[in-house]
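Beneath this line is the structure, given in structure tokens, with notes to follow.
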2 protein chains.
Amino acid sequence: MRTEKMPTDIRKEQIVEAALAILSDNAAPKLKMTDVARQLGLAPSALYRHFKNRDAMLSAILEHIRTMLHTNLEKVRQQTDNAVERLHAMLVRHGRLIREQQAIPRIVFSDEIWGQKKERRQRMYRIVTGYLAEIEAIVVEGQAKGEIRMDVEARVVAKIFFGIVQPAALLWHMSEGDFDLEGHINDAWTLLLEMVVRR
Amino acid sequence: MRTEKMPTDIRKEQIVEAALAILSDNAAPKLKMTDVARQLGLAPSALYRHFKNRDAMLSAILEHIRTMLHTNLEKVRQQTDNAVERLHAMLVRHGRLIREQQAIPRIVFSDEIWGQKKERRQRMYRIVTGYLAEIEAIVVEGQAKGEIRMDVEARVVAKIFFGIVQPAALLWHMSEGDFDLEGHINDAWTLLLEMVVRR
DNA sequence: TCCTTATGTGAATCTGATTTCACATTAGCT
DNA sequence: AGCTAATGTGAAATCAGATTCACATAAGGA
């Protein structure tokens, strides 16, 4: 295997992506430096040229996930102006994300997060609540434009949204793809829709 | 510390409970044999008198959790006959469970489950789906008695229920108790109620 | 009470992973 | 082309935690 030298900024990206790929692969229990290195055809020690240690690498991964979520949201915002449609689009996209990026729930729930570093848990908490806040914002805008009924609290809708997506990820995961992801999302959407637009 | 000899059936119980206690303690990252032993004032090696290995111990813990969930449900069934009240009672109890037994989400999400053993993941999947099935049953009974509208699928209600409880656990956890658990459950209940009884 | 066996112990071992280090190579600048 | 700093490597050090084992002890039945 040919392993070229890479400028560290690119290599860092590659490492993060390799890590996500590994985590998305159902077989992988815990993220090992060795595995990440192999994925790139590098020696484990090479990783330390780019990250101080495993911990720093994990931080970079977290950041990458945050960005993915945010980007997702931006795209939906551009895709349509209507709040209800936006919520739906978010759900659908999230379904895809769950399929393709199993890494996300994997990380969110992993011991890495819950372990030692209180700091990391807080970081994750901020990512999640930040995401919720963005969804909430969509709802609030929708309410202002009369697309969404006023008497449900936006904050609650956001949490319900989260509540659709998160267990779906979990169940899909546990079932090794057996769980009917789309079905669940459709069902949930029907109810959410009714909840949000009807009186 | 005085450490008496214990018949293995009692000791097993103690070990499982010690493990849960450790996991419920926010400080604990991963469940270490050493920690479990210390909690009981035993030498680590003593644990191996009661469980073949760490893995067997984890299995016992899973089983214990399954029992807890099931017991919870049984109590609610006895508490009231009305399906809607039952759902509410379940929510409230679950809130308590989240507070007191942080161990449960901890285990459910842990690497222990997702790691190596496919078998264990399946076991967990069965526990969760079993629980969902029981909630679904409550809904179905409620529908038969006219307490719950017929045109929402029981299966979906069960998942929504799960969707209320699970993210709550996660957020409460991440926030180190800062997250407004009761508020969330109340809000969610209001919506669920409307969804389930209104047309 | 005596014996047998289950339970407990501490030290040693095994395992699997992260990390460090001295050395090699390549990229890219002048 | 030649130099230098950045990147990569393999072997070895380190670490943490699970597990084993030979030995100790106490519980409970005969």
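A, B, ... follow the sequence lines: proteins, then strands. Residue 1 opens every chain.
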Original post:
Which residue, A:P7 or B:K5, contacts DNA chain D at a nucleotide closer to its 5' end, judged by nearest heavy atom?
Top reply: A:P7
Subject >> Along DNA chain D (nearest heavy atom to each residue), the more 5'-positioned of A:T8 and B:K32 >> reply: A:T8
Subject >> B:E182 atom CD: more than 12 heavy-atom contacts under 6.0 Å >> reply: no
Whole Å only: how far is the [atom1] atom of [X] from the [atom2] atom of [N]?
X     : N      : atom1 : atom2 : value
B:M33 : C:dG10 : CE    : P     : 16 Å
B:K30 : C:dA17 : NZ    : P     : 11 Å
A:R54 : D:dC15 : CZ    : P     : 17 Å
A:N53 : C:dT20 : CG    : P     : 8 Å
A:D55 : C:dA17 : CG    : C1'   : 15 Å
A:K52 : C:dT20 : NZ    : C1'   : 13 Å
A:D35 : C:dG16 : CG    : P     : 13 Å
A:L42 : C:dT19 : CG    : P     : 16 Å

Original post:
Taking 4.0 angstrom as the limit, do A:R77 and A:E134 come out as a salt bridge?
Top reply: no
Original post:
Going through the distances and angles, do A:K12 and A:D9 end up as a salt bridge (charged side-chain N to carboxylate O under 4.0 Å, His left out)?
Top reply: CA-CA 5 Å; A:K12 271 181 174 165; A:D9 50 344; over 6 Å; no
**OP:** Please determine which of A:E141, A:Q79, A:E147 meets the side chain to side chain donor-acceptor pair (under 3.5 Å) test together with A:R86.
**Re:** A:E141
Original post:
With sugar-phosphate meaning primed atoms plus P, OP1 and OP2, does A:I10 contact a base, only sugar-phosphate, or nothing at under 4.0 Å between heavy atoms?
Top reply: nothing
**OP:** Identify which nucleotide among D:dA18, D:dT7, C:dT18 has an atom closest to any side-chain atom of A:T34, counting heavy atoms from C-beta outward.
**Re:**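 Taking heavy atoms from C-beta onward, the closest nucleotide is C:dT18.
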Subject >> Options C:dT25, D:dG8, C:dT18, nucleotide nearest the side-chain atoms of A:R11 >> reply: D:dG8
**OP:** Group every Ile, Leu, Val, Met, Phe, Trp and Tyr by side-chain heavy-atom contacts under 4.5 Å, then state whether A:L132 and A:L192 land in the same group.
**Re:** yes
Original post:
Do A:R155 and B:D187 pass the salt bridge (charged side-chain N to carboxylate O under 4.0 Å, His left out) test, and can you show the C-alpha distance, the side-chain angles, and the key distance before you say yes or no?
Top reply: CA-CA 9 Å; A:R155 182 175 43 82; B:D187 290 347; 2.9 Å; yes
Original post:
How about B:H184 and A:F162: are their ring centres within less than 6.0 Å of each other?
Top reply: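 No, they do not, as the ring centres are separated by 6.0 Å or more.
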Original post:
Looking at residues 43-51 of chain A, who's got a heavy atom less than 4.0 Å off DNA chain D?
Top reply: A:A43, A:S45, A:A46, A:R49, A:H50
